[in-house]
Structures are given as C-alpha cells and as structure tokens.
**Q** 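Below you'll find the structure I mean.
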2 protein chains.
Amino acid sequence: MKFEAVTIKDIAIALGLSTSTVSRALRDSYEISPATKKIVLEYAEQINYRPNPIALSLKEKRSHSIGVIVCEIANSFFSQAINGIESIAYSKGYNVIISQSHESYEREVIDLNYLASRSIDGLLISVSAETENFSHIQSLHDRGFPIVFFDRAVESIDTHKVIVDNNKGAFDATEHLIKSGYQRIANLAGSPHLSITKDRIKGYRNAIETNGLHYEEAYTQYCLHGGMVYEEVEKALDAMMALSNKPDAIVASADKLTTNCIRYFKSKNIRVPEDVALIGFSNLDIADLLSPSLSVVRQPAFAMGQIATELLLKMIESKRAVSEFENRVLPLEIMVRESSTPLK
Amino acid sequence: MKFEAVTIKDIAIALGLSTSTVSRALRDSYEISPATKKIVLEYAEQINYRPNPIALSLKEKRSHSIGVIVCEIANSFFSQAINGIESIAYSKGYNVIISQSHESYEREVIDLNYLASRSIDGLLISVSAETENFSHIQSLHDRGFPIVFFDRAVESIDTHKVIVDNNKGAFDATEHLIKSGYQRIANLAGSPHLSITKDRIKGYRNAIETNGLHYEEAYTQYCLHGGMVYEEVEKALDAMMALSNKPDAIVASADKLTTNCIRYFKSKNIRVPEDVALIGFSNLDIADLLSPSLSVVRQPAFAMGQIATELLLKMIESKRAVSEFENRVLPLEIMVRESSTPLK
DNA sequence: TTTTTTTACGCAATCGTTCCCGTTAATTAG
DNA sequence: CTAATTAACGGGAACGATTGCGTAAAAAAA
C-alpha cells in the first residue's frame with residue numbers, strides 16, 4: 001500500500017506556475033513577488049504540503065538523522081542517555097536511529113554497516129563489551145565519518161569522547177567501603193576489553209593500596225558480557241565466595257552487574273550488608289526502593305547523551321574536517337544508602 | 001564536514017561503462033554478460049560500493065524505515081516491546097526510528113507530524129496518557145498511512161491492534177488478592193482517557209462484584225500521567241489512605257504506578273504486605289529482587305512488539321489498501337510473590 | 001548469403017527538490 | 001526616446017539509482 005503525498009509539482013500545476021517559482025515562494029526568496037508568495041503559501045497550507053525529506057536528503061547529501069549504537073536500551077543508563085541524545089537531536093531537527101548490539105561484536109558490525117551506508121550523518125556509539133577489534137569503527141572514522149564515543153570509548157581512535165571519571169568513581173566507591181570498615185573488598189568487573197573496566201579497576205586498586213589494604217588478584221573477577229549473562233556473574237561471584245578469606249564487600253562495576261549481584265545474593269541467602277556490603281555502578285531509578293536500599297555510583301547519563309550529541313552535531317555541521325577532538329570527562333556521583341552501611 | 005561515498009557513476013566512469021550497465025550488473029540482470037558482471041562486481045567490492053538508500057527511497061517512494069512512538073523508553077515494558085519491534089524490523093531490512101511522547105499530547109502530535117512527513121513507511125504507536133483527541137492519528141489513517149497500535153490503542157480508529165487482555169489481567173489480579181483474604185481492594189489507575197485503563201477497571205470491578213464484595217467508588221483513583229508524575233500518585237494514594245475504611249490491598253495498573261506506589265509506601269513507612277498488599281502491572285525485570293518481592297501482572301512485551309511489527313510490515317508491503325484489521329489480544333501472566341502474601 | 005533473432009549494452013526519464021541560468025516585461029536612467 | 005537595469009518568473013540540470021526502450025553487433029536461422 002502506498003501513501004501518496006502532495007509535491008511541489010502538484011502545487012505548480014494547480015497554480016499554473018513552475019516548480020522553481022513554487023520552491024522559491026515556499027523558501028521566501030526575494031525573487032518572488034509578495035502576491036505570488038501569498039497564493040503559493042496559502043495553497044500549500046490548504047492542501048497540507050510537506051517537503052519530502054528524502055528528496056532533500058538526496059540533494060543535500062545529508063539525511064538529518066544520526067545513528068546510535070548501544071548494547072541495550074533496556075538498561076537504565078542507556079535509556080537515560082538516549083533521552084539526552086533525543087532532547088538535543090530533535091531540537092536541532094535531527095532524527096535518531098537506535099540500534100542495539102546486545103553486547104555482541106557481530107551485531108555491532110552489522111549495525112554499524114547498516115547505519116553507515118549513508119543513511120545517517122553521524123554516529124554515537126558505546127561499544128559492545130565483546131568487541132576487541134575496532135577496525136570497523138576505525139575505517140569509518142578514517143574515511144571522515146563523524147563519530148562520537150560516549151561512556152565506552154575506544155582509546156586508539158581519535159575523536160570526540162564523552163566519558164565519566166571512572167577511575168575516581170571506583171576509587172571513591174572503594175574508599176567509601178573502606179571508611180565504612182570493610183577490609184576485604186572485591187571488584188565485580190565488566191568486560192576486560194573495555195577501557196572503562198580498566199579505569200574502574202585502576203581506581204579500585206588505587207583506593208585499596210592508598211588505604212593500606214592488601215590488593216588481592218582473586219578479588220577482581222571479570223564478566224565478558226558486562227552482567228548481561230547471569231551465569232557469568234554467578235561464576236564470578238562463586239569464585240570470590242569460595243575463597244578462604246571471602247570478601248566482606250563488593251564494588252560492582254556496571255548496571256547489570258549490580259542487579260545480577262543482588263540476584264545472586266538473594267538466591268544464596270547472603271544478607272546485604274551484614275554478610276557482604278555492596279555498592280554498584282547503577283542508574284536504576286528504583287535503587288532507593290530495594291531493601292536494603294542500594295548504594296550506587298551514578299553516571300550523569302542524560303547529560304552525557306546531550307553533550308555527545310552536541311559534539312556530534314557540531315562535527316557534522318562544520319565545514320571542514322575536525323582535527324581537534326575533545327575528551328569530556330564528567331564527574332560521577334556517589335549515593336550512599338543501606339547496602340553499604342558502616343560496620344559497627 | 002561531508003562524507004563522500006562512491007556512486008554507481010564513479011564505477012561507470014572508471015570502467016568505461018554506462019550507469020545502467022553497472023546498475024544491472026550489480027543487480028545480476030540477465031542482460032549483462034558474465035564477463036562484464038565480474039568486472040563490475042569486483043571493482044565495486046574493491047572500492048567498497050554501497051547503494052545509496054536515500055536515492056533508492058526517492059525512487060521507490062519507500063524509506064524502509066518505520067516509526068515508533070511510545071511514552072518512554074526508560075520503561076521496562078516499552079524497552080522490551082522495542083526489542084521485539086527491532087528484532088522483526090531489522091530482519092526484514094527496516095530501520096526503526098523511535099520517538100518519545102513523555103506522556104505529553106503536544107509532543108505526540110509533534111512527533112507524529114515529524115515522522116509522518118514521508119520519512120517513514122508506517123507507524124507503531126502506543127498513545128500518550130494525556131491524549132484525548134485523536135484527530136492527528138485519525139487523519140493520517142484516513143489518508144491511507146499504515147498504522148498499528150500496540151498496548152494503548154484507540155478504540156475509534158479502525159486498524160490493526162495488538163493489545164493484552166487487560167480485563168482478565170485485572171480480574172485475575174484482583175481475584176488473587178480476594179482469594180488471599182484481602183477485602184478492601186483499591187485500584188490505582190492510569191489515565192482515564194486510555195482504553196486500557198477502562199478495561200482494567202472493568203476487570204477489577206467485575207472481580208470485586210463476582211466475589212461478593214462491595215464496589216467502592218473511592219477505591220479507584222486515577223493518575224493522568226500514568227504514574228510518571230510522582231505527585232499524582234501521591235495524591236491518589238493519600239486520598240485512598242485517608243478513607244475511614246482504608247484499603248488493605250492495591251492493584252496498581254501500570255509500570256510506573258507500581259514503582260511509585262512502592263516509593264509512597266516506603267516514604268510513609270507503610271509495610272507491604274502487612275499493612276497493604278500490592279500487586280501491580282509491571283515488566284520490571286527486578287521485581288523479584290525487591291523486598292518484599294513484587295507480585296506482578298506481566299505483559300508479553302517482546303511478543304507484542306514482534307506481532308505489531310509483523311502486522312505493520314504486512315500492511316506496508318501489501319499491494320492494495322487493507323480493510324480487514326486484526327485485533328490481537330494476548331494473555332497476561334500473573335506472577336505471585338511476597339507483596340501479596342495471603343493473610344493469615 | 002541474407003534475414004531474423006539474440007546478446008549486450010547505452011540513452012533518457014523518473015522520483016522531489018534546489019539552484020544556476022536564461023528570458024520577458026516593466027521600470028529607471030541617460 | 002532609447003538604453004540599461006531590475007523585478008519576476010520559467011527551463012533544465014543535478015542528486016543516485018532504476019528501468020523501459022532503442023540499437024549496434026554478433027549469432028543463429030533461412
């Protein structure tokens with residue numbers, strides 16, 4: 001079934017004008033007399049004329065839409081970030097096309113190629129946890145395609161990046177646990193391929209050592225799919241809990257890691273914070289409704305989306321190739337609640 | 001900055017052929033000799049040629065993308081539904097463009113006009129809670145634009161609809177509370193403009209009366225923005241709780257209503273289920289992690305998204321106008337947990 | 001060998017818009 | 001009153017791809 005819309009040609013024929021005149025009248029060109037403009041404008045309004053964005057795109061070589069690749073939209077952080085992205089994009093007349101990688105490298109490559117075949121003007125991407133090889137992104141970037149990373153950036157690719165101070169966030173979270181009296185603090189980490197994972201581990205380790213505690217290798221366990229796969233989290237926590245000196249507190253380094261950690265504790269009847277305290281990176285908006293309420297490291301997701309989009313649009317709309325790239329590092333917020341209650 | 005891609009013309013010039021020959025060679029037309037095909041295909045591969053989807057759209061009057069309007073993607077039900085939508089759309093070569101109404105009528109109208117101006121081939125919509133006047137959707141539908149409703153449908157517009165058996169869901173939830181010994185069951189309802197709200201109230205009331213309880217007007221309180229605005233939920237619950245015979249159980253009729261209900265109880269130190277039992281419509285994937293774990297009426301969100309998309313694509317790809325519309329009603333699932341523990 | 005058929009390609013229109021050039025008629029300048 | 005200017009509009013190419021039609025050369029049939 002087809003949806004026929006009215007074109008400039010229809011107006012031209014109806015009014016006995018040429019398409020060029022109609023086009024100019026609609027764009028309020030000085031070459032058209034006020035009288036003609038009035039006639040055209042009124043008729044266009046009457047028959048509800050809308051310019052065909054596809055024809056415009058073809059002519060201007062711009063689609064006025066941007067692509068977004070995230071792992072999951074059913075994830076508080078990303079859905080909030082997308083809200084930020086949309087708020088800026090729509091206000092500037094851009095469409096947003098969202099793709100999910102579901103943390104799969106293969107899907108990410110497919111999504112990227114799909115979007116990049118010239119239906120989008122630029123790309124916002126937070127790479128999949130599985131991704132180790134970034135050549136698909138690199139080659140696009142090399143060909144001058146505007147790309148902005150947010151949250152999960154690729155170190156080796158030089159373009160705008162909007163990230164958070166993961167190092168400090170993990171440091172603060174860990175130090176908070178230490179100051180609350182916990183001594184054996186473990187780190188439930190995400191994918192080892194992601195720079196955010198490395199930064200968070202760095203902050204975690206630094207806090208441990210700065211505060212005179214012993215850094216224990218086995219206290220850091222990775223989950224390749226960033227908590228998406230429960231079994232991975234289960235395995236990681238089993239490994240920690242099997243240690244002779246098992247942890248008395250955990251820093252969980254991602255949204256899904258945090259919730260699956262809670263799920264694990266619940267299934268094993270491990271009490272929080274009595275048996276193990278917990279603080280997690282999370283943007284869950286009901287973290288305060290859990291019992292115990294959840295201490296979190298919260299990312300400014302909405303702002304990240306906004307800033308990333310502003311940078312991307314600036315890059316898209318700049319006349320010449322951009323070579324100076326910004327690296328925005330936003331602060332994290334720690335919200336202390338019951339799950340990390342100080343030891344008596 | 002501009003991203004120049006290679007066109008069929010580039011190939012034609014480089015190979016000393018005409019664009020038609022190249023086009024036919026790429027589409028494997030019988031009119032082209034195997035030798036020429038080989039040359040073209042290899043060269044195209046070498047310079048990484050991708051057909052320009054915008055040019056194709058202009059020619060075929062189809063953009064191969066569908067629009068989705070939901071109130072919020074940061075809502076478990078909708079993000080799961082979108083996953084279902086994407087899974088079908090991508091597998092059939094369609095793009096998905098998502099817009100959020102944030103439960104605002106005004107935004108919905110803007111989003112609709114934006115999407116409809118021929119950049120999309122069809123629309124999946126779950127109307128905003130605020131929307132009372134549906135003429136913007138109606139007029140689009142009248143002009144033959146393919147539209148499929150999911151979850152929140154508009155009764156007066158005759159097109160495909162994918163909904164759930166809200167009546168039965170509310171009936172079952174309410175009856176479950178009754179069978180668990182609760183007697184004064186209230187209904188925290190969503191927007192009075194939505195048909196799902198009416199159906200859920202119908203089911204609720206039917207369960208009350210079928211089971212020989214007294215139906216009390218004041219036990220049903222509406223929230224115009226479906227729980228998005230905490231103050232509305234607070235006001236509704238305040239009204240219920242101020243009653244002399246205040247409720248001993250609540251059926252919350254939407255995702256955000258349910259979570260904000262929990263937030264209210266927590267802030268007022270009302271214990272669940274001891275003071276008030278609770279069962280809510282919710283697709284929250286951590287409902288089991290709350291304490292008490294939350295009894296829910298769960299919607300098959302993913303499947304709804306899939307079915308709605310299949311119906312939409314069928315409508316888009318059908319040669320002639322569709323006049324027989326389907327009304328798919330999916331079953332709801334009740335998951336009983338601690339928040340509606342039977343009274344002793 | 002001549003005629004017919006087939007093969008393999010090119011030309012040009014089309015989709016909806018914009019925009020660079022004309023071109024006519026009216027206006028102004030000289 | 002003639003020449004130069006300008007106002008107001010139309011013609012047509014372009015964006016990238018597809019496709020109906022025309023046509024040269026080669027192959028097959030007569």
Side-chain angles (χ1 to χ4, degrees), chain A residues 1-41 43-44 47-65 93 116-121, chain B residues 2-41 43-45 47-65 93 95 116-121 143:
Chain A
M1 117 170 261
K2 231 172 343 183
F3 178 67
E4 300 287 352
V6 9
T7 74
I8 248 183
K9 201 172 175 183
D10 298 329
I11 301 181
I13 293 172
L15 263 39
L17 293 168
S18 75
T19 58
S20 6
T21 306
V22 175
S23 172
R24 287 195 181 89
L26 291 170
R27 317 199 105 238
D28 201 27
S29 160
Y30 68 97
E31 289 184 287
I32 306 298
S33 73
T36 310
K37 274 182 194 168
K38 189 161 176 293
I39 295 172
V40 172
L41 254 21
Y43 186 72
I47 62 172
N48 196 33
Y49 167 79
R50 305 274 161 217
N52 183 335
I54 292 175
L56 284 174
S57 296
L58 181 59
K59 188 125 232 307
E60 299 180 0
K61 301 195 172 203
R62 301 253 315 267
S63 64
H64 279 275
S65 58
S117 56
R118 257 185 321 181
S119 52
I120 56 166
D121 296 339
Chain B
K2 232 174 340 186
F3 177 66
E4 300 287 353
V6 11
T7 75
I8 244 182
K9 200 172 175 183
D10 298 330
I11 301 181
I13 293 172
L15 263 39
L17 294 167
S18 76
T19 58
S20 12
T21 305
V22 175
S23 172
R24 288 193 180 89
L26 291 170
R27 316 199 104 236
D28 200 27
S29 161
Y30 68 97
E31 289 185 286
I32 306 298
S33 73
T36 310
K37 273 182 196 170
K38 188 161 177 292
I39 295 172
V40 172
L41 254 23
Y43 185 72
E45 165 76 13
I47 63 173
N48 195 34
Y49 167 79
R50 304 274 161 216
N52 183 335
I54 292 174
L56 284 174
S57 296
L58 181 59
K59 182 130 230 308
E60 299 181 0
K61 302 197 171 201
R62 301 253 315 269
S63 65
H64 279 273
S65 58
N95 252 324
S117 55
R118 258 186 317 182
S119 53
I120 56 167
D121 296 339
R143 283 182 286 157

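Heavy-atom basis, side chains included; hydrogens, waters and symmetry copies ignored. Not measured: the values here are computed from a predicted model. Chain A is the first sequence line, chain B the second, and so forth, proteins listed ahead of strands; every chain is numbered from 1.
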**Q** Determine the contact category for B:S57: base if any of its heavy atoms lies under 4.0 Å from a base atom, sugar-phosphate if only primed atoms, P, OP1 or OP2 are that close, otherwise nothing.
**A** nothing
**Q** Quick one: A:K37 NZ to D:dA7 C1', roughly how many Å, whole number?
**A**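 A:K37 atom NZ is separated from D:dA7 atom C1' by 12 Å.
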**Q** On DNA chain C, compare the nucleotides closest to A:A55 and B:S18; which residue's is nearer the 5' end?
**A** B:S18
**Q** Without decimals, in angstroms, what is the distance between A:I8 CD1 and C:dC15 C1'?
**A**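 To the nearest whole Å, that distance equals 14 Å.
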**Q** Nearest-Å distance, CD1 (A:I32) to P (C:dC19)?
**A** 13 Å
**Q** Can you find a side chain N or O atom of A:T21 that sits less than 4.0 Å from OP1 or OP2 on D:dC9?
**A** no
**Q** Can you identify which nucleotide, out of D:dG16, C:dG10, C:dT18, has its nearest atom closest to the A:T19 side chain?
**A** C:dT18
**Q** Report the nucleotide, chosen from C:dT17, D:dG11, D:dC15, that has the shortest atom-to-atom distance to any side-chain atom of A:K61.
**A**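 The closest nucleotide is D:dC15.
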**Q** Just call it for A:L17: base, sugar-phosphate, or nothing, with non-hydrogen atoms closer than 4.0 Å on any strand.
**A** sugar-phosphate
**Q** Select one nucleotide: of C:dT17, C:dC9, D:dA8, the one nearest the side-chain heavy atoms of A:S33.
**A**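 So the nucleotide nearest the side chain must be D:dA8.
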**Q** What's the NZ-P distance between A:K9 and D:dG11, to the nearest Å?
**A**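 Taking atom P of D:dG11 as the reference, NZ of A:K9 is at 12 Å.
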**Q** Measure from the side-chain heavy atoms of A:R24 and tell me the nearest of C:dC9, C:dG16, C:dC19.
**A** C:dC19
**Q** If you measure from OG1 on B:T7 to CG on B:D10, what distance do you get to the nearest 0.5 Å?
**A**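 It comes to 3.5 Å.
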**Q** What is the distance, rounded to the nearest whole Å, between atom CG of A:L58 and atom C1' of D:dA14?
**A**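 From A:L58 CG to D:dA14 C1': 9 Å.
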**Q** What is the distance, rounded to the nearest whole Å, between atom CG of A:D28 and atom P of C:dC19?
**A** 14 Å
**Q** To the side chain of B:R27, which of D:dT19, D:dC15, C:dC19 is closest?
**A**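 The listed nucleotide nearest to B:R27's side chain is D:dT19.
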**Q** Whole angstroms only, please: what is the CD1-C1' distance between B:I54 and C:dC15?
**A**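 The distance from CD1 of B:I54 to C1' of C:dC15 comes to 14 Å, rounded to the nearest Å.
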**Q** According to a strict under-4.0 Å criterion, is A:Y49 in side-chain N/O contact with OP1 or OP2 of C:dT17?
**A** yes
**Q** Which nucleotide in the list C:dG10, D:dA14, D:dA17 gets nearest to the side chain of A:K59?
**A**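 The answer is D:dA14.
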**Q** Suppose we call a contact any N or O donor and acceptor under 3.5 Å apart; does that hold for the side chain of B:S20 and the base of C:dC11?
**A**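 Donor-acceptor pair under 3.5 Å: yes.
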**Q** Nearest 0.5 Å, what's the CG-CG distance between A:N52 and B:L58?
**A**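 Answer for the CG-CG pair, A:N52 versus B:L58, is 6.5 Å.
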**Q** Within this structure, what is the CD-to-C1' distance between B:E31 and D:dA24, rounded to whole angstrom?
**A** 14 Å
**Q** Over all heavy atoms of both residues, which pair between B:I32 and B:R24 is shortest? Give the atoms and the distance, please.
**A** CG1-CB, 3.5 Å
**Q** Are B:V6 and B:N48 packed together at the side-chain level, in the sense that at least one heavy-atom pair is separated by less than 4.5 angstrom?
**A**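 No, too far: nothing below the 4.5 Å cut-off.
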**Q** Looking only at the side chain of B:S23 (C-beta and beyond, no hydrogens), which of the listed nucleotides C:dG16, D:dG10, D:dT18 gets closest?
**A**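 Selected nucleotide (nearest to the side chain): D:dT18.
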**Q** Quick one: does B:S57's side chain get under 4.5 Å of B:S63's, heavy atoms only?
**A** yes
**Q** If you define the side chain from C-beta out and look only at heavy atoms, does anything of B:K9 sit under 4.5 Å from B:I13?
**A** yes
